[in-house]
Student: 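Mind looking over this structure? Questions follow.
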Amino acid sequence: MTSSRLAPGAGIVTVPGGRPAVRTAEGEFLHLDTGTADLAALTRHLVGGEAAPDAEVARVAAAFEREGHAVRPGPEEGGALTGRTVLVLGDARLTGPLARYAAAEGARTRHATPEHVGRLADGEGADASTVVVWCLDEPAPPALWDAADRLPAHGTAWLRCHREGAHLWTEPLAAAPGDVTSAHVRLRRLAATSAHRQLAAYWAGHRTPDNGPHPGEAAAALVAALLTADLLAWAAPGPGSGLPARRRLRRVDLRDLTVTEHPVLPVPPVAPLPARGSGPA
């Protein structure tokens, strides 16, 4: 019979001269009343995997499991992205560490091409266990991601990032129809600034040549970790999993590696404006 173990992040704290406590994975401290169970035996059971020596230890260990502070490891434990495929494309300085982190979590990582993404966006080979991650070390030009924005409608998840000067933006992961697309992010950002004409011209390429700064090793690792966190949220079981990650726009300052988050919502479709002179007389 498999012994229960402390859940990741949970622990037992012995307080000198006081009652023992459970530190939860969230950082809370709960008083631990073991009754007549031997604390040392309980600890050996939950930490070392020893069999419960008596019914009292088994009873307390079962209470740990009911409250989520202990688990029974399966015969084969994989990473949180086991069974998922992560297709990466774009700049290697960003996709390289991302592919490593995703693989460490159990994902199958593959390099893709814009043509491959276009086929997936048309529904060819679409798969709910697949996510496309496109990373750019430059501003994303208009229309580049238009096809990829159709991925969620066919069941393929869609995540992206790009750099604008000293800021690198990670956009929300889109996994289902109605999620935030790159087009939505553009509209929201244009609406949020008084310099919308200048920002649109910047995106369209009406600017001096890019002179960086390019993400260094530390910045690339940070961005890859943030994107991996979004992938983990997407892969979490349960309805509505990863919803916060699907409504969050991040800005990473490459000069000091500070990260700011901004909530962003989809832009609802609107009816086209009537043509001038088409109204009633």
Side-chain angles (χ1 to χ4, degrees), residues 78-82 84-117 120 130-142 144-145 148-149 151 156-175 180-182 185-186 189 199 202-203 205 207-236 242 244-264:
L81 295 179
T82 298
R84 308 283 181 157
T85 299
V86 179
L87 301 178
V88 298
L89 67 163
D91 290 288
R93 72 174 73 233
L94 296 169
T95 60
L98 171 64
R100 294 196 300 272
Y101 295 171
E105 292 292 338
R108 297 181 297 269
T109 60
R110 304 282 189 274
H111 288 281
T113 64
E115 292 74 23
H116 185 191
V117 173
L120 289 173
T130 297
V131 57
V132 172
V133 188
W134 199 331
C135 299
L136 294 177
D137 184 21
E138 61 183 346
L144 178 66
W145 286 341
D149 274 347
L151 289 168
T156 299
W158 163 225
L159 181 61
R160 59 223 169 259
C161 71
H162 67 282
R163 179 180 60 80
E164 297 176 8
H167 294 151
L168 193 144
W169 297 83
T170 70
E171 299 192 3
L173 184 144
V180 179
T181 65
S182 69
V185 171
R186 283 176 177 268
R189 288 186 59 192
L199 182 57
Y202 175 80
W203 285 337
R207 58 182 186 269
T208 55
D210 176 65
N211 59 354
H214 300 287
E217 186 173 346
L222 172 60
V223 172
L226 294 174
L227 295 174
T228 302
D230 290 343
L231 295 178
L232 296 177
W234 160 69
R246 288 152 54 185
R247 299 291 186 268
R248 177 176 59 205
L249 176 68
R250 297 193 195 92
R251 188 184 68 187
V252 181
D253 193 317
L254 299 175
R255 296 164 296 189
D256 57 11
L257 301 189
T258 55
V259 180
T260 55
E261 295 186 353
H262 309 270
V264 60

Student: Quick test of your reading of the model: are Arg163 and Asp210 salt-bridged, counting only N-O distances below 4.0 Å?
Tutor: yes
Student: Apply side-chain hydrogen bond (donor to acceptor under 3.5 Å, both in side chains) to Asp149 and list each qualifying residue two or more places apart in sequence or on a separate chain.
Tutor: Trp158, Ser182
Student: Would you check if Pro114 and Leu144 make a side-chain contact, meaning some heavy-atom pair closer than 4.5 Å?
Tutor: no
Student: Sort out for me which residue in Leu159, Thr95, Val88, Asp91 forms a side-chain contact (heavy atoms from CB on, under 4.5 Å) with Cys135.
Tutor: Thr95
Student: In terms of side-chain geometry, is the basic nitrogen of Glu164 or Arg189 positioned less than 4.0 Å from the acidic oxygen of its partner?
Tutor: yes
Student: For residues Val132 and Leu89, determine if any side-chain heavy atom of one lies less than 4.5 Å from a side-chain heavy atom of the other.
Tutor: yes
Student: Does a side-chain heavy-atom distance below 4.5 Å link Trp145 with Arg186?
Tutor: no
Student: If you define the side chain from C-beta out and look only at heavy atoms, does anything of Leu87 sit under 4.5 Å from Thr156?
Tutor: no
Student: Can you see which heavy atom on Ala80 is nearest to which on Ala235, and at what distance?
Tutor: O-CB, 3.6 Å
Student: Under the side chain to side chain contact (heavy atoms under 4.5 Å, CB included) rule, collect the residues that match up with Glu115, sequence neighbours excluded.
Tutor: Thr113, Arg119
Student: I'd like to know if Arg255 pairs up with Asp253 as an ion pair, taking the criterion as any Lys NZ or Arg NE/NH1/NH2 lying under 4.0 Å from an Asp or Glu carboxylate oxygen.
Tutor: yes
Student: Around atom NE2 of His167, are there more than 12 heavy atoms of other residues, nucleotides or ligands at under 6.0 Å?
Tutor: yes
Student: Any side-chain heavy-atom pair from Asp137 and Pro215 closer than 4.5 angstrom?
Tutor: yes
Student: With sequence neighbours left out, what residues match Thr170 under side chain to side chain contact (heavy atoms under 4.5 Å, CB included)?
Tutor: Cys161, Leu168, Val223, Leu227, Arg250
Student: Give me the atom names and distance for the closest heavy-atom approach of Tyr202 to Pro139.
Tutor: OH-CG, 3.5 Å
Student: Determine the minimum heavy-atom distance between Leu81 and Leu231, stating which atoms define it.
Tutor: CD2-O, 3.6 Å
Student: Quick one: are Glu261 and Leu249 in side-chain contact, heavy atoms under 4.5 Å?
Tutor: no
Student: Glu171 versus Val264: any side-chain heavy-atom pair under 4.5 Å?
Tutor: no
